[in-house]
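Presented below is the structure to which this report refers.
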There are 2 protein chains.
Amino acid sequence: MRRYATAVTLRQFAHTHTQAQARTHARKGTEATVVRTLASSASPLPELTQISDNVQRGNYAQLNDKDVAHFEQLLGKNHVLTEDLEGYNICFLKRIRGNSKLVLKPGNTQEVAAILRYCNERRLAVVPQGGNTGLVGGSVPICDEIVLSMQRMNKVLSVDEVTGIAIVEAGCILENFDQRARDVGLTVPLDLGAKASCHIGGNVSTNAGGVRVVRYGNLHGSVLGVEAVLANGQVLDLMSNFKKDNTGYHMKHLFIGSEGTLGVVTKLAMLCPHVSKAVNVAFIGLNSFDDVLKTFVSAKRNLGEILSSCELIDELALNTALQQFKFLNSPISGYPFYMLIETSGSNGDHDEEKINQFITQGMERGEILDGTVSGEPGKVQEIWKIREMVPLGLIEKSFCFKYDISLPLRDFYSIVDVMRERCGPLATVVCGYGHLGDSNLHLNVNCEQFNDEIYKRVEPFVYEYTSQLKGSISAEHGIGFLKKDYLHYSKNPVAIEWMRDMKKMFDPNGILNPYKMLN
Amino acid sequence: MRRYATAVTLRQFAHTHTQAQARTHARKGTEATVVRTLASSASPLPELTQISDNVQRGNYAQLNDKDVAHFEQLLGKNHVLTEDLEGYNICFLKRIRGNSKLVLKPGNTQEVAAILRYCNERRLAVVPQGGNTGLVGGSVPICDEIVLSMQRMNKVLSVDEVTGIAIVEAGCILENFDQRARDVGLTVPLDLGAKASCHIGGNVSTNAGGVRVVRYGNLHGSVLGVEAVLANGQVLDLMSNFKKDNTGYHMKHLFIGSEGTLGVVTKLAMLCPHVSKAVNVAFIGLNSFDDVLKTFVSAKRNLGEILSSCELIDELALNTALQQFKFLNSPISGYPFYMLIETSGSNGDHDEEKINQFITQGMERGEILDGTVSGEPGKVQEIWKIREMVPLGLIEKSFCFKYDISLPLRDFYSIVDVMRERCGPLATVVCGYGHLGDSNLHLNVNCEQFNDEIYKRVEPFVYEYTSQLKGSISAEHGIGFLKKDYLHYSKNPVAIEWMRDMKKMFDPNGILNPYKMLN
């Protein structure tokens with residue numbers, strides 16, 4: 001095992017850039033869906049999506065001055081915006097651009113309810129918006145929907161050290177929520193690149209995944225209760241402070257992952273585990289995907305309860321990041337595959353012993369070829385930085401098609417090989433990385449610039465291939481606007497029809513987040 | 001710390017009794033809701049529930065010979081029962097007795113679909129039934145509903161050692177499922193007293209809890225996919241093999257915990273963790289509930305990721321079990337509170353060190369007064385037996401009101417003290433035990449025999465008190481028939497109204513499991 005060479009940490013990186021740039025970089029450090037226009041401050045504004053994508057506006061009322069006056073009276077003038085709305089209209093990837101003329105910032109659940117009641121009666125369409133860090137265009141208007149920004153509802157209402165249960169408003173930024181939990185020795189069981197900007201309510205509405213699902217499971221397990229405002233303004237209080245609560249239908253799950261199309265999440269209860277006393281990270285090199293799988297099984301067996309992340313990066317993905325960011329310094333090189341394996345436990349000595357034994361055994365079996373392990377917080381961050389910079393490297397390099405899919409582990413990497421063959425020299429890079437521990441692959445196809453020929457080789461093949469393997473065409477990003485044409489590749493017509501019925505039941509006038517999820 | 005005295009294990013106990021007796025005992029070793037008639041082979045048959053509870057039969061068709069002939073043709077005569085139906089008509093607690101004249105045993109999903117399609121068209125009411133171990137009368141007919149027994153759909157279809165995902169038919173007995181998982185080093189993340197009889201489909205339909213929720217969370221996190229047949233015979237395929245799958249509304253959760261009222265679960269995908277290499281159990285004595293709470297927080301902090309169970313037994317609950325079962329031998333005695341704390345980890349030495357340190361620190365602080373720890377499988381089982389015999393001891397002793405509630409931990413035990421005062425000498429025992437780690441209390445009130453005076457002191461007070469503390473009136477058993485009048489104590493009218501709408505949407509003719517959950 002080599003010693004890991006020092007490199008600047010993500011935080012240091014941020015300090016050397018302007019705040020805005022750092023924020024852009026940090027945000028970009030998440031995986032995106034198909035990126036046809038790069039997110040860069042130099043990019044011109046994208047065309048209005050309604051025009052570029054030929055979207056037929058729904059049969060909604062047109063906003064008028066009387067409506068604006070009504071909202072100003074309801075919320076106060078400060079919380080009703082009619083100018084400088086670009087940041088609310090354009091998605092994080094600068095792929096989708098809406099044309100909303102009104103942003104409302106309610107301060108509490110009652111105000112959200114009053115807004116929706118009014119909009120439902122007036123047939124005004126509404127898009128709920130959290131941190132606007134979504135990657136499928138789910139949180140921006142497509143036409144002229146009113147933006148319902150949750151920014152002001154940002155309070156952590158309580159954190160119970162004994163039960164681990166925290167109650168939080170939907171507009172709280174994930175990182176702030178986590179910090180409040182950490183103040184009493186707890187942590188939010190969700191961690192993702194957009195942490196510094198995304199809202200917990202948006203995370204819940206997206207059923208966001210991230211790098212800790214392998215340890216803490218997804219939000220359906222962690223979110224104990226939800227308060228949501230329905231399209232008609234009714235407040236549906238499904239809050240619960242208990243891990244066990246079998247009183248009627250478990251409807252809260254309908255609001256986890258429905259992307260604001262069934263209701264607006266305003267408050268939630270989250271089960272927060274204790275902060276681990278020790279965190280160790282291994283960065284290892286492997287020769288084949290077969291060895292990657294063996295190493296994953298060995299990690300689950302030998303690290304068991306302390307395994308907290310299991311990430312894969314292939315050689316091309318890593319090399320692209322290293323080429324793009326000269327300050328990055330990988331401790332090992334020259335291997336076809338790399339894995340980042342993290343442990344979090346309550347006893348550092350025990351964890352170190354387990355991880356060393358796991359690595360030693362893997363090396364003895366010839367599955368792990370080389371690597372580095374560290375439990376020092378600075379080093380842990382440095383290793384994570386390599387992983388975090390991988391998606392950014394690909395976006396920076398050139399035009400990049402990006403996919404977020406779940407595939408059976410045995411076939412996890414085959415799509416990368418198949419895609420390489422399909423694209424041939426048309427692609428400059430075809431690579432894969434992602435959350436191996438959750439069967440979640442981020443497939444990337446880079447080319448000099450977007451062109452129809454490569455596009456046709458990539459899509460819809462990538463969805464067909466995923467569908468044939470009974471995979472998921474959206475692992476963690478959701479469907480939103482960008483993937484709604486592809487939903488049928490992962491869901492059968494019966495299920496989709498029931499989803500439509502569900503939508504009709506909760507939102508008969510279709511005012512909530514239209515043009516998203518269901519065609 | 002004292003050494004734990006040897007006593008017969010539950011398995012040994014079973015061997016010394018007839019199989020039937022042992023089975024009855026094992027089954028009784030779960031917590032029941034209000035038990036007004038004891039489950040004992042000597043008990044006479046209870047009155048028909050339709051008569052005793054004055055249930056108005058729904059406006060369903062009457063079964064006729066033509067219907068029976070249709071089903072015989074569909075399933076084969078062997079799988080259509082019209083005689084000796086007592087076991088299907090009477091609930092596990094012998095509290096509810098229906099009067100069904102027909103039991104159907106489909107062998108696959110298509111047969112379930114054909115049955116429901118027919119019943120829906122004919123307006124014949126149906127009750128889906130798994131192992132019939134439910135404790136709220138959810139799995140037996142109330143009037144003359146057709147029983148749809150899932151017994152034959154009992155196959156484990158696949159277990160994937162690499163991903164940990166198992167696909168299983170709904171009628172598979174939990175213990176058999178677990179055994180199949182264990183064959184490849186995995187375990188089903190659900191463990192409860194009725195394991196040897198209950199079906200995994202029934203567990204999912206109930207959202208069963210048990211003693212491992214503190215470690216693995218509830219079934220909404222573990223169940224990755226569900227196949228359900230709807231009232232109209234449509235097969236709703238919501239199967240998924242992935243932890244991350246954000247493709248549309250997460251409707252599978254509607255079938256987890258809806259007690260067969262929205263659809264019949266026929267198949268499911270379950271995420272199974274690896275079997276822990278080491279299991280340790282501590283049984284400790286404490287002086288006050290305040291010390292119990294402190295010890296729980298210390299367990300979460302110090303045992304962290306290896307904590308797999310955290311149970312509470314109060315003095316009266318333990319003593320009653322010891323009096324009733326002379327073969328039981330508690331390693332410690334004379335303390336107001338006892339806790340059973342289990343760890344499961346991947347390294348026995350590490351776990352032992354952690355648990356010993358946790359105990360030593362607790363004793364130094366004076367929170368833990370005495371106790372015993374063991375990692376030897378036989379001893380672990382013996383300690384668990386004490387916990388498992390507690391509910392049985394109370395049922396055996398005399399008439400027993402039993403409640404399954406979730407309460408905020410800070411107020412967890414107050415209801416026992418309050419109830420003791422309310423009942424005074426009318427009650428012979430008022431005690432509490434349960435899954436402290438999940439805030440789930442089993443409150444028991446024993447008296448010589450049922451009488452209205454004590455009943456009025458206990459109910460609805462217990463629900464009002466729970467409701468005032470925003471607790472749950474059913475933590476893990478569900479609502480079924482027995483608790484449907486009390487649902488409003490835990491769910492508000494808006495939520496209940498939406499549940500009704502959900503029911504109407506999925507089952508407009510109300511043929512699925514009528515008289516349950518919603519009034």
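Lettering follows sequence order; numbering is per chain, from 1.
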Using a 3.5 Å distance criterion without hydrogens, assess whether the side chain of [X] forms a donor-acceptor pair with backbone atoms of [Y].
X       : Y       : value
S276(A) : A278(A) : no
D404(B) : H442(B) : no
E259(A) : G480(A) : yes
K243(A) : G217(B) : no

Between [X] and chain B, with a heavy-atom cut-off of 4.5 Å, which part of the residue counts as in contact: side chain, backbone, both or neither?
X       : value
K491(A) : side chain
N492(A) : side chain
L518(A) : side chain
D237(A) : both
I256(A) : backbone
V275(A) : neither
I479(A) : both
L407(A) : backbone
N241(A) : neither
M499(A) : both
K470(A) : backbone

Quick one: of [options], who has the most non-hydrogen atom pairs under 4.5 Å with chain B?
options                            : result
L219(A), L303(A), I306(A), V494(A) : V494(A)
G304(A), S346(A), A495(A), G221(A) : S346(A)
T247(A), L409(A), N302(A), V297(A) : T247(A)
L230(A), I405(A), L271(A), L293(A) : L230(A)

Cationic N near anionic O, under 4.0 Å, [X] to [Y]:
X       : Y       : result
E305(A) : K300(A) : no
E476(A) : K244(B) : yes
R215(B) : E342(B) : no

**Nearest heavy-atom neighbours spanning L254(B) and L262(B)** = O-CD1, 3.6 Å
**Prompt:** What's the shortest heavy-atom distance between A269(A) and I167(A), and which atoms?
**Reply:**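 The pair with the smallest heavy-atom distance is CB-CD1, 3.6 Å.
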Determine the option with the most heavy-atom pairs under 4.5 angstrom with chain A, choosing from [options].
options                            : result
E161(B), M251(B), E497(B)          : M251(B)
L236(B), I473(B), I496(B)          : L236(B)
K503(B), K252(B), K294(B), Q357(B) : K503(B)
L238(B), T261(B), I165(B)          : T261(B)

Proximity breakdown for [X] and chain A, heavy-atom pairs closer than 4.5 Å:
X       : result
H274(B) : side chain
M505(B) : both
N218(B) : side chain
P408(B) : both

**Request:** Hey, can you tell me if F506(A) and F255(A) have their rings parallel, tilted or perpendicular (30° and 60° cut-offs)?
**Result:**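 It falls in the perpendicular class, over 60°.
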**Prompt:** Relative to each other, are the rings of H220(B) and H253(B) parallel, tilted or perpendicular (30° and 60° limits)?
**Reply:** parallel
**Request:** Calculate, to the nearest 0.5 Å, the distance between atoms NZ and CG belonging to K354(A) and D351(A) respectively.
**Result:** 6.0 Å
**Set of residues satisfying ring pair (Phe, Tyr, Trp, His ring centres under 6.0 Å) with respect to Y249(B), sequence neighbours excluded** = none
